[in-house]
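Quick note: residue numbers are just sequence positions, from 1. Just so it is clear, the structure is predicted and the values come from calculations on it, not from any experiment.
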Amino acid sequence: MTRRATLAGISAGLLLLGCSVGAPTKSEPRPESVPVSAASADATTTAEAIGLLRGGTAFVNQTSYRSDVDIASQITSLSHTDNVHKRLTAKVTAPGGVIDIRMIDDEVYMKTSLFRGVGDGWTVLDPARVPSDFALSFAPGKNDSGGSGRLIDAIVTARADGPEISGTIDATRIAAGNGISFRPGPGGVFPDSARRHTFRASLDTEGRLVSFLMPEASGLPNASLRYSDFGTTVTVARPPGAIAAPDALYPQLGLGEGK
């Protein structure tokens, strides 16, 4: 992974995890063609499955929840989010270190040793200075710590079998944002198979999305998103001694190239 991938960015009120993707090496098996039957899956079946997935994320605006994101066991995030009461705690762990975030109403606190010239204590961010593409917010549509909406938007084919949903996803269409994100490796090119990468998702007995899994294949690492702990109280304490974030922090937020 590049440093650009290691430095988890911040997006939509929470955290963006990214991984750069390289072309398959000579030692890797040659990607197989997607079966014609899968490529031509019935549009109605796909639409119904996508509808179940979208309905399964309604809890984001209705109750508190925990979200876990894992990319190749190299970059992980754990978040507890309560959009109703505007409370969040989140931690991203990457090879280079850890980012901690706490949100209370419109207050955003961050502690990390990943950025240059920032220090390793708690800081208070000025929302007006956070890059617009990575603004922190509890607003609907920008408040899902797992980023499930971006995954659903990139689905190509899908089929539901009870609470289990499986199909293919175009990894190149997963927009930047919090949660799972991939970027092409050298040359800026994804493997062709990334456009029809398999996925499987699960709903619980109440129809809520509880897992979205993408296996390792054809140059893409394995990645997973899980939701749990619905309705659990999210308590967030203001960190003592937090100082205003230094000017050096803001240019490093998001997916800047870094060095």
Side-chain angles (χ1 to χ4, degrees), residues 1-28 31 34 67-79 90-99 101 112 114-116 130-136 141-142 144-156 167-199 201 212-226 249-259:
M1 290 188 185
T2 64
R3 184 176 185 273
R4 184 182 182 190
T6 300
L7 292 182
I10 303 170
S11 175
L14 307 175
L15 305 167
L16 167 64
L17 304 184
C19 186
S20 292
V21 177
T25 65
K26 292 183 179 180
S27 61
E28 294 176 322
V34 176
S67 59
D68 291 83
V69 176
D70 184 304
I71 299 178
S73 299
Q74 295 294 309
I75 305 176
T76 64
S77 77
L78 165 62
S79 304
K91 175 176 286 187
V92 168
T93 301
V98 174
I99 299 175
I101 288 182
T112 181
L114 283 174
F115 300 126
R116 300 180 299 276
V130 175
S132 59
D133 288 346
F134 303 95
L136 303 171
K142 300 180 179 180
D144 179 1
S145 55
S148 60
R150 296 181 304 101
L151 301 177
I152 296 171
D153 287 343
I155 288 175
V156 178
T168 60
I169 185 171
D170 185 345
T172 71
R173 286 172 43 202
I174 300 175
N178 50 298
I180 297 171
S181 182
F182 301 110
R183 291 180 296 284
V189 179
F190 281 95
D192 288 342
S193 55
R195 300 183 185 281
R196 287 190 177 275
H197 191 73
T198 60
F199 79 90
F212 195 108
L213 311 176
M214 299 174 62
E216 177 182 4
S218 304
L220 293 180
N222 63 288
S224 65
L225 162 63
R226 301 180 190 276
L249 173 64
Y250 297 100
Q252 298 181 70
L253 294 180
L255 290 179
E257 291 292 339
K259 294 182 179 179

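- For the pair Leu78 and Thr76, the minimum side-chain heavy-atom distance is 4.5 Å or more.
- Side-chain contact between Ile155 and Leu151 is absent, with no heavy atoms from C-beta onward closer than 4.5 Å.
- Taking all atoms of both residues into account, the shortest heavy-atom contact from Ala90 to Ser79 is CB-OG, 3.4 Å.
- Considering only residues two or more places apart in sequence or on other chains, Ala217 meets the side-chain contact (heavy atoms from CB on, under 4.5 Å) condition with His197.
- Residue Ser181 comes nearest to Arg150 through the heavy atom pair CB-NH1, 4.4 Å, listed as atom of the first residue, atom of the second, then distance.
- Taking the side chain as every heavy atom from C-beta outward, Leu114 and Gln252 never approach each other to under 4.5 Å.
- To the nearest 0.5 Å, the span separating CD1 on Ile180 from CE on Met214 amounts to 6.5 Å.
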Item checked: Ile169 vs Ile174, side chain to side chain contact (heavy atoms under 4.5 Å, CB included): CA-CA, chis, key distance, verdict -> CA-CA 9 Å; Ile169 185 171; Ile174 300 175; 4.2 Å; yes

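- Looking at every heavy atom in both residues, Asp153 comes nearest to Arg173 through O-NH2, 2.7 Å.
- For Asp192, there are no side-chain contact (heavy atoms from CB on, under 4.5 Å) partners, not counting sequence neighbours.
- Here the side chains of Arg195 and Thr168 are not in contact, with every heavy-atom distance at 4.5 Å or above.
- For the pair Phe199 and Leu213, the minimum side-chain heavy-atom distance is 4.5 Å or more.
- Taking each heavy atom of Phe115 and Ile99 in turn, the nearest pair found is CZ-CD1, 4.3 Å.
- Across all their heavy atoms, Thr112 and Val98 have their closest contact at OG1-O, 3.0 Å.
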